[in-house]
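Below, read A as the first sequence line, B as the second, and so on, with proteins coming before strands; counting in each chain starts at 1.
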Amino acid sequence: MIRITLPDGTAREVARGTTPADIAAAIGPGLAKAAIAARVDGELRDIMRPIEADAQLALVTSRDEADALELARHDFAHILAEAVQALYPGTQITFGPSTDDGFYYDVMAPATRGPFTMDDLPAIEEHMRAIIRADKPLRREVMARDALIASWQNAGESFKAEWAAELPEGEELSVYWSGNDWMDMCRGPHLASTGKLDPAAFKLTRVAGAYWRGDQNNPQLSRIYGTGWLNKKQLDAHLLRLEEAAKRDHRRLGQEMDLFHLQQEAHGSVFWHPNGYLIWRELEGYMRRAIDGAGYKEVKTPQVMDARQWEQSGHWGKYRANMFVIPDEVPNVDDEGPVISGDADWMALKPMNCPAHVLIFRQGIKSYRDLPLRIYENGCCHRNEPHGALHGLMRVRQFTQDDAHIFCREDQIVEEVQAFCALADRVYKEFGFTYSIKLALRPEQRFGSDADWDKAENELRDAVVRAGLATSEFGWEELPGEGAFYAPKLEWHLTDAIGRTWQVGTIQSDRVLPERLDASYVGEDGARHRPVMLHRAIFGSYERFIGILIEHYAGRFPVWLAPVQAVVATITSEADGYAHDVTAKLKAAGIRVEADTRNEKINYKVREHSVAKVPHLLVVGMREAEEGKVAIRSLGSDGQRIMTLEEAIDMLKHEATPPDLR
RNA sequence: GCUGCUGUAGCUCAGUGGUAGAGCGCGUCAUUGGUAAUGACGAGGUCGGGAGUUCAAUCCUCCCCAGCAGCACCA
C-alpha cells in the first residue's frame with residue numbers, strides 16, 4: 001500500500017499502481033469526470049499514470065486553466081503530427097511543443113512533394129477533428145532506448161532516431177500511443193484521450209520554415225503553427241485580440257496617420273513625414289532635458305571612419321558582415337569602366353557610436369577629477385542587417401540611438417548604474433510602461449579575460465540589487481550567453497498596453513574597448529589608469545521606440561506627442577473668421593493646431609479628425625463666435641464641453657506640456 | 001540569408017491570354033449643414049523590374065527586387 005496525501009491534508013491508503021483517475025473516482029463521480037490530469041509531488045502527470053510511491057496528489061481540472069491549456073496545446077500538437085502523417089505518408093515528424101497561444105509541429109515533407117503550404121491546412125485541420133471525434137485513448141509506454149531507436153529507424157524517422165540517441169543515458173524514454181496505430185516520443189503528460197479536446201477550439205494559422213534544432217546549417221523543416229484553446233469561446237476571443245493587435249500595427253498606423261513611409265529603393269531606412277518627425281522632435285527634446293539634468297554632455301561624431309579604426313576597436317573582425325563598407329577613392333567617371341577600382345583603402349559607416357566617443361575621451365589628458373564623464377549622442381548608425389530581419393520601424397538598417405558612454409573609475413560603476421536605473425525608471429513610467437530587468441551574461445564569442453567578466457557581471461548585478469530592482473516584481477532574471485562580445489548587459493524589457501514586451505534600454509559595463517583604444521586617465525596617485533566604459537541607452541533607437549509608442553498608444557498619442565494636437569472645425573463658413581482667430585491664438589500659445597474651414601458638414605469633419613486621432617476637436621459655429629466660446633470634442637469621448645477660448649487654451653497648454661515639465 | 005506566400009490607381013482590393021475595374025481619397029460644381037461619411041460630374045494605372053513562350057502577356061515560364069509570416073541573426 002502507498003499513502004496519497006490530498007491538497008486538503010487528508011490522506012488515503014491505496015494499492016501501489018493506483019492511478020489518479022481511480023482516486024478521483026473514489027472521491028466522487030463529478031471529480032472523476034472533471035479531472036484531466038494530476039500533479040504528483042508537484043509534477044504534472046497523466047491522469048492514467050499509476051502512482052508507485054507515497055505522494056502528494058492534486059487533481060487538475062479545466063478550472064486549473066494554465067495546466068489545462070498546456071495539456072490541450074500539447075495534445076493538439078501531437079494530433080497535428082498524426083494528421084499530417086495520415087494525410088501525407090512519408091512525412092517525418094520531429095518536435096512539436098506548446099506555445100503562448102497554441103502549438104506548432106516541425107515536420108519534414110516527403111521528398112516527393114515540396115514543403116507544406118497554407119493550402120494544405122484545411123485538410124489537415126479536418127483530419128485533426130476526425131482524430132478528436134474518434135476519441136482515441138492516449139497511452140503512455142516506457143521503451144528501451146535501443147528498441148526505440150530501432151523502431152524510429154525502421155519507420156524512416158531519421159530526426160527522431162537522432163534525437164532519441166542523444167537523450168541522456170539515465171532518462172526514461174516514454175512514448176505516447178494514440179489508439180494503437182500512431183505514436184510519438186514524448187515526455188508527456190497528455191490528456192487521457194483525444195476526445196477530451198474541443199474540436200472547435202483550435203485553428204491552424206500558418207506554415208513557415210524552421211531549422212532542425214534551430215541551427216541554420218541543418219535542414220529546414222516545415223513548421224505548422226496553430227492556436228489552441230479549451231473551447232471555442234476562448235479561441236474566438238483570441239482571434240479578436242489578434243485583430244485588435246493588427247489594428248495598432250505601427251506600419252498600418254504610420255501610413256494612416258501619415259507619419260512615415262518605407263520604400264524599396266531605401267529598404268530598411270525610414271522616410272519620416274512631417275507628422276512622424278514631430279513625434280521624433282518631441283522625443284529628442286524630452287531626452288535632451290533628461291540627459292542635461294543627469295549630467296551628460298552631448299556630442300556629434302563622424303558617420304564614416306577609416307577601416308583601420310574599426311580594426312582597432314574590434315568591429316572589423318567581429319562585426320564586418322553587418323557593416324556598410326565604402327572605398328576611400330574618387331569613383332571612376334568613365335561609364336565604360338567599373339565604378340571602383342577595388343584596391344582603395346576601406347572606410348565604413350559607423351554601426352555604433354562607442355569608438356568615436358572613446359576618441360573624444362582620448363583628446364587631451366583626463367584626470368580622475370573629470371570622471372565620471374558622460375558623453376551623449378543622438379547617434380545615427382547604419383547596420384547591414386539580414387534582409388529577412390527588417391521589420392517596419394522595429395528593425396531597420398539606419399537608425400538613431402539615444403546613446404551615451406559613461407567613462408568612470410571602477411569604484412563609480414555601481415553608483416552610475418544605479419543612477420541610470422533611476423533615470424530609466426522615470427522615463428519609462430512617464431510613457432506609461434511597466435518593465436522588467438534582465439542581466440545578459442557572457443557569450444561564447446567574446447573579448448576579455450574571465451576575471452574581468454566576473455567583475456563586470458557582479459557590478460551590474462550588485463547595482464540592480466542595491467537599487468532594489470532585482471525582484472520578481474521587476475522580472476529580474478539572468479540570461480546566460482546573451483551578452484555582447486565586449487560586455488555583459490542589463491536589459492530593460494517594456495510591457496506595452498496590450499501586454500507585449502519589447503527590449504529597449506540597456507547598460508553595459510565594458511573594460512575591453514578602453515583597453516583596445518587605449519583610453520586612460522591620470523589618477524590621484526599620478527599614474528595612468530584605465531577607465532571603465534558604461535554603454536547605455538533608454539529609448540534604444542528613436543525609430544524603434546516610436547514604433548513601440550505607436551502600438552502602445554494605438555496611435556492615440558498623449559497630447560504632448562500628438563503631431564496635430566487640435567483642429568478648429570467650422571460648422572458654417574460664417575464662422576470662418578472666428579475659427580481663424582481661435583487658431584491663431586492657439587498657435588500663439590504653442591499648440592499644434594489646424595483650422596478646418598472646408599465646405600464640409602460637421603459630421604464629416606468630426607469623423608475625419610476622429611479617424612486621424614486628433615486629440616481635441618474645437619467645433620465653432622455662429623453660437624460660439626458670438627459668445628467667444630468653443631465646443632470641445634475630445635478623442636475617445638462622445639460628448640462636447642463648451643468653454644471659453646481662454647479656458648480651452650489653458651487646458652490645451654497644460655495637456656501639451658511634456659510630462660517632465662509639469 | 002533560408003522556407004512559403006504576395007506585388008494591379010495615393011490607399012484597400014476585384015479581375016482577365018486580346019493593352020483594366022470598384023470603394024475610399026483627390027479635383028470641379030451645387031449644397032451653409034450643430035458632433036463619426038451631402039449629392040453630381042471628372043481626373044488618375046507602360047498591372048514591382050527584366051528576359052522568354054505566343055499572332056498577342058498584367059495573366060503562362062524563368063531570373064531579379066521588395067513586402068508579409070516564421071526561422072536564423074540582432075555584437
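- Nucleotide B/C11 holds its P atom 11 Å from the CD atom of A/Gln263, rounded to whole Å.
- Taking every side-chain heavy atom of A/Gln264 into account, B/G7 is the closest of B/G33, B/G70, B/G7.
- Contacts of A/Phe116 with the nucleic acid, taken as non-hydrogen atoms under 4.0 Å apart, are absent.
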Pair A/Arg251, A/Gln255 - check side chain to side chain contact (heavy atoms under 4.5 Å, CB included), show working.
CA-CA 6 Å; A/Arg251 293 165 297 185; A/Gln255 183 180 72; over 6 Å; no

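- Across all strands shown, B/G23 pairs with B/C11; the Watson-Crick or G-U wobble distances both stay below 3.5 Å.
- Across all strands shown, B/C62 forms a Watson-Crick or G-U wobble pair, both distances under 3.5 Å, with B/G50.
- Nucleic acid contact class of A/Tyr104 (heavy atoms, under 4.0 Å, all strands): none.
- Residue A/Gln445 qualifies as open at atom CD: its count of foreign heavy atoms under 6.0 Å is 12 or below.
- Among the heavy atoms of the strands, none lies under 4.0 Å from A/Gly314.
- B/C47 and B/U58 have their C1' atoms separated by 4 Å, given to the nearest Å.
- As judged by a 4.0 angstrom heavy-atom cut-off over every strand, A/His609 is placed among residues making no nucleic acid contact.
- With a cut-off of 3.5 Å on both pairing distances, the Watson-Crick or G-U wobble partner of B/G1 is B/C71.
- Side chain A/Arg633 to base B/A36: a donor-acceptor pair is found below 3.5 Å.
- If you check every strand for non-hydrogen atoms under 4.0 Å, A/Ala631 touches a base.
- In this structure, CG of A/Asp120 is placed 14 Å from C1' of B/U3, rounded to the nearest angstrom.
- For B/U12 and B/G7, the P atoms lie 13 Å apart once the distance is rounded to whole Å.
- Here the P atom of nucleotide B/G33 and the CG atom of A/Asp576 are 13 Å apart, to the nearest Å.
- Across all strands shown, the partner of B/U38 is B/A30, judged by Watson-Crick or G-U wobble contacts whose two distances both fall under 3.5 Å.
- The base of B/C2 lies close enough to the side chain of A/Gln220 for a donor and an acceptor atom to sit less than 3.5 Å apart.
- Closest to the A/Pro386 side chain, of the nucleotides B/G70, B/G34, B/A72, is B/A72.
- Judged by the 6.0 Å distance and 45° axis criteria, A/Lys318 is not positioned over the aromatic ring of A/Tyr486.
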Any chance you could lay out the salt bridge (charged side-chain N to carboxylate O under 4.0 Å, His left out) test for A/Glu256 and A/Arg252, step after step, and finish with the verdict? CA-CA 6 Å; A/Glu256 285 174 5; A/Arg252 174 173 169 170; 3.4 Å; yes

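- In this structure, A/Trp163 has its ring center closer than 6.0 angstrom to the ring center of A/Phe95.
- When each of A/Leu635 and A/Gly268 is assigned the nucleotide of RNA chain B bearing its nearest heavy atom, the one mapping closer to the 5' terminus is A/Leu635.
- Checking B/A56 for Watson-Crick or G-U wobble geometry (two distances, each under 3.5 Å) identifies no partner in any strand.
- Each of B/A69, B/A66, B/A37 was ranked by its minimum atom distance to the side chain of A/Arg251; first place goes to B/A69.
- For B/U32 and B/U38, the P atoms lie 15 Å apart once the distance is rounded to whole Å.
- The separation of B/G50 from B/A43, taken at their P atoms, amounts to 28 Å, rounded to a whole angstrom.
- For A/His387, a side-chain nitrogen or oxygen approaches OP1 or OP2 of B/A66 to under 4.0 Å.
- Here, B/G17 and B/G44 have their C1' atoms 26 Å apart, quoted to the whole Å.
- Nucleic acid contact for A/Glu624: base, since at least one base atom lies under 4.0 Å from a heavy atom of the residue.
- Of the listed nucleotides (B/A36, B/U3, B/C2), B/C2 has the atom at the smallest distance from the side chain of A/Tyr211.
- In this structure, of B/A72, B/C73, B/G70, it is B/C73 that holds the atom nearest to the side chain of A/Arg395.
- Geometrically, A/Arg308 does not engage A/Trp346 in a cation-pi contact defined by less than 6.0 Å to the ring centre and at most 45° from the axis.
- Ranking B/A37, B/A69, B/U35 by closeness to the A/Arg607 side chain, first place goes to B/A37.
- At a threshold of 4.0 angstrom between heavy atoms, the contacts of A/Thr117 are confined to the sugar-phosphate backbone, with no base atom among them.
- Side chain A/Glu265 to base B/G48: no donor-acceptor pair is found below 3.5 Å.
- Across all strands, A/Arg206 comes closer than 4.0 Å only to sugar-phosphate atoms, never to a base (heavy-atom distances).
- Using modelled atom types and a 3.5 Å distance limit, the side chains of A/Gln92 and A/Ser158 yield a donor-acceptor pair.
- For A/Val619, the listed nucleotide lying nearest its side chain is B/U35; candidates were B/C71, B/U35, B/C65.
- B/C62 and B/C5: their P atoms are spaced 12 Å apart (whole Å).
- In terms of position on RNA chain B, the residue among A/His315 and A/Ser573 whose nearest nucleotide sits closer to the 5' end is A/Ser573.
- Contact annotation for A/Tyr604: backbone-only contact, meaning every heavy-atom pair under 4.0 Å involves sugar-phosphate atoms and none involves a base.
- Separating the C1' atom of B/G39 from that of B/G49 is a span of 43 Å, rounded to the nearest Å.
- B/A43 makes up no base pair with any nucleotide shown, lacking Watson-Crick or G-U wobble contacts both under 3.5 Å.
- In this structure, A/Arg73 is not positioned above the aromatic face of A/Phe103 in the sense of NZ or CZ being under 6.0 Å from the six-membered ring centre and within 45° of the axis.
- A/Tyr319 and A/Phe485 have their aromatic ring centers separated by at least 6.0 angstrom.
- Between A/Gln255 and the phosphate of B/U12, there is a side-chain N or O to OP1/OP2 separation shorter than 4.0 Å.
- Straight-line distance between the C1' atoms of B/A56 and B/U16: roughly 14 Å, to the nearest whole Å.
- Within 4.0 Å of A/Met622, counting heavy atoms only, lies at least one base atom of the nucleic acid.
- Each of B/U38, B/G4, B/C71 was ranked by its minimum atom distance to the side chain of A/Lys601; first place goes to B/U38.
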